[in-house]
Engineer: 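First the structure, then my questions, so here it is.
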Amino acid sequence: MRAADLSLKGDHGWAYRDVTLHAEPGCVTAITGQAGSGRTSLLLTLAGRMKPTGGTISVAGHTSPKAIRRIAALGLVDGVNDLEKALSVGEHLHERSPGLLRRGRQEARAARALELAGLDLPPDDRTLVRDLGREQRIRLGIALALLDEPGLLVADNIDIGVTADQEEAIWGTLSDLAGLGLTIVASCVEDAPAPSVHLPSGAAAREGAARGAEAVPDGDGENDGQETRKGHEGEDR
């Protein structure tokens, strides 16, 4: 993934501006910054879910958001692809992996995704999302993203609502996934144990700055003008 002078401006000013980064397969890159610095908007742009207003981006040689979406998968991004609290772990996995030829294959694939995400639960687990801790929800989001077999995986707010030990363990899992050849980009508030791009805070990058920017829904929809849902739980626009 290569981005040069990437910028996003909405009705309330710049969400982020002039970001340049290069992320190879097998590497973890962190996006750091305080609330309002545009971390989430940048992640969504890198994953083809938001269209930048300036600069260039390519992922595996592709430059259009639609093509990038086929390569990039979202881990948990609060306010964008929230987990349904009333559904179980197993129900989330089943909904994310339709169309597989046989149930046995589906369960094996889901079990492998859970294992790689570091979530020690069976693929038919009946635990409701509302009963999962924040670390478990982050890991379930990673597992669901892995079902898409992405080349690029992005995850938001890695250090929000978790202990220092839990955060360290999550970074370890992301590093292990990178070791399998994935490109990983994850955001956090504080310093991260990975090469980082820091986004400054300020009036021009306050929360909500990207409102009105051109957004792309998660999936293969053709409408590139849909607006991203409002975030919560520390989510940073």
Side-chain angles (χ1 to χ4, degrees), residues 1-8 15-34 37-52 55-63 65 67-81 116-118 138-139 141-160 162 167-200 205 210 215-216 218 228 231 234-237:
M1 178 182 65
R2 296 177 181 271
D5 299 323
L6 205 61
S7 303
L8 180 66
Y16 59 83
R17 194 172 185 180
D18 299 330
V19 175
T20 295
L21 64 90
H22 176 204
E24 293 281 359
C27 294
V28 179
T29 302
I31 307 296
T32 67
Q34 297 296 316
S37 61
R39 298 189 319 265
T40 300
S41 295
L42 177 56
L43 284 180
L44 293 174
T45 305
L46 297 177
R49 272 69 176 181
M50 297 190 83
K51 187 174 182 179
T56 62
I57 179 173
S58 66
V59 179
H62 299 285
T63 58
I68 293 173
R69 290 199 303 274
R70 296 194 182 102
I71 300 167
L74 300 182
L76 184 60
V77 180
D78 298 318
V80 175
N81 62 343
L116 292 173
I138 291 174
R139 292 185 180 278
I142 293 171
L144 294 171
L146 291 174
L147 289 174
D148 294 340
E149 300 181 350
L152 168 66
L153 189 154
V154 306
D156 200 16
N157 292 328
I158 293 301
D159 58 347
I160 299 294
V162 297
E167 181 190 352
E168 182 179 359
I170 293 169
W171 283 113
T173 294
L174 295 177
S175 179
D176 291 341
L177 291 172
L180 298 176
L182 276 73
T183 301
I184 306 290
V185 182
S187 79
C188 58
V189 176
E190 304 294 340
D191 292 340
S196 302
V197 174
H198 181 72
L199 300 182
V216 181
D218 190 8
T228 313
E235 195 271 339
D236 170 28
R237 283 282 162 263

Engineer: Within a strict 4.5 Å, meaning less than it, do heavy atoms of the L146 and L177 side chains meet?
Structural biologist: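 The answer is yes; the side chains approach within 4.5 Å.
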Engineer: L152 versus V185: any side-chain heavy-atom pair under 4.5 Å?
Structural biologist: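 Yes, side chains in contact.
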Engineer: Taking the side chain as C-beta and beyond, is there a heavy-atom pair between L46 and I57 under 4.5 Å?
Structural biologist: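 With C-beta onward as the side chain, the pair touches.
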Engineer: I need the single residue from I31, D156, D159 that forms a side-chain contact (heavy atoms from CB on, under 4.5 Å) with C188. Which is it?
Structural biologist: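 With C188 as partner, I31, D156, D159 yield a single side-chain contact (heavy atoms from CB on, under 4.5 Å), made by D159.
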Engineer: Judged by atom type as modelled, is there a donor-acceptor pair below 3.5 Å linking the side chain of T45 to the main-chain atoms of S41?
Structural biologist: yes
Engineer: Checking side-chain contact (heavy atoms from CB on, under 4.5 Å) for the pair L74/R49: CA distance, chi angles, key distance, verdict?
Structural biologist: CA-CA 9 Å; L74 300 182; R49 272 69 176 181; 3.9 Å; yes
Engineer: Counting only N and O atoms by type, is there a donor-acceptor contact under 3.5 Å from the side chain of T63 to the main-chain atoms of S58?
Structural biologist: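 Not a single qualifying donor-acceptor pair exists.
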Engineer: I'd like to know if the side chain of R139 and the backbone of A117 have a donor-acceptor N/O pair within less than 3.5 Å.
Structural biologist: yes
Engineer: So, do T56 and D5 sit near enough that their side-chain heavy atoms are less than 4.5 Å apart?
Structural biologist: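 Heavy-atom side-chain distance check fails, nothing below 4.5 Å.
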Engineer: Show the numbers, then the answer: is there a side-chain contact (heavy atoms from CB on, under 4.5 Å) between L174 and I158?
Structural biologist: CA-CA 10 Å; L174 295 177; I158 293 301; 4.3 Å; yes
Engineer: Quick one, T183 and V59 - any side-chain contact, counting heavy atoms below 4.5 Å?
Structural biologist: no
Engineer: Which donor-acceptor pairs under 3.5 Å do the side chains of residues 189-200 make with protein atoms, sequence neighbours left out?
Structural biologist:
{"from": "S196", "atom 1": "OG", "to": "A194", "atom 2": "O", "distance (Å)": "2.8"}
{"from": "H198", "atom 1": "ND1", "to": "T32", "atom 2": "OG1", "distance (Å)": "3.0"}

Engineer: Using a 4.5 Å cut-off on heavy atoms from C-beta on, say whether the side chain of N157 contacts that of R39.
Structural biologist: yes
Engineer: So how far is it from L6 CG to L8 CG, rounded to the nearest 0.5 Å?
Structural biologist: 8.0 Å
Engineer: Looking at side-chain heavy atoms only, is the closest gap between L180 and L116 below 4.5 Å?
Structural biologist: yes
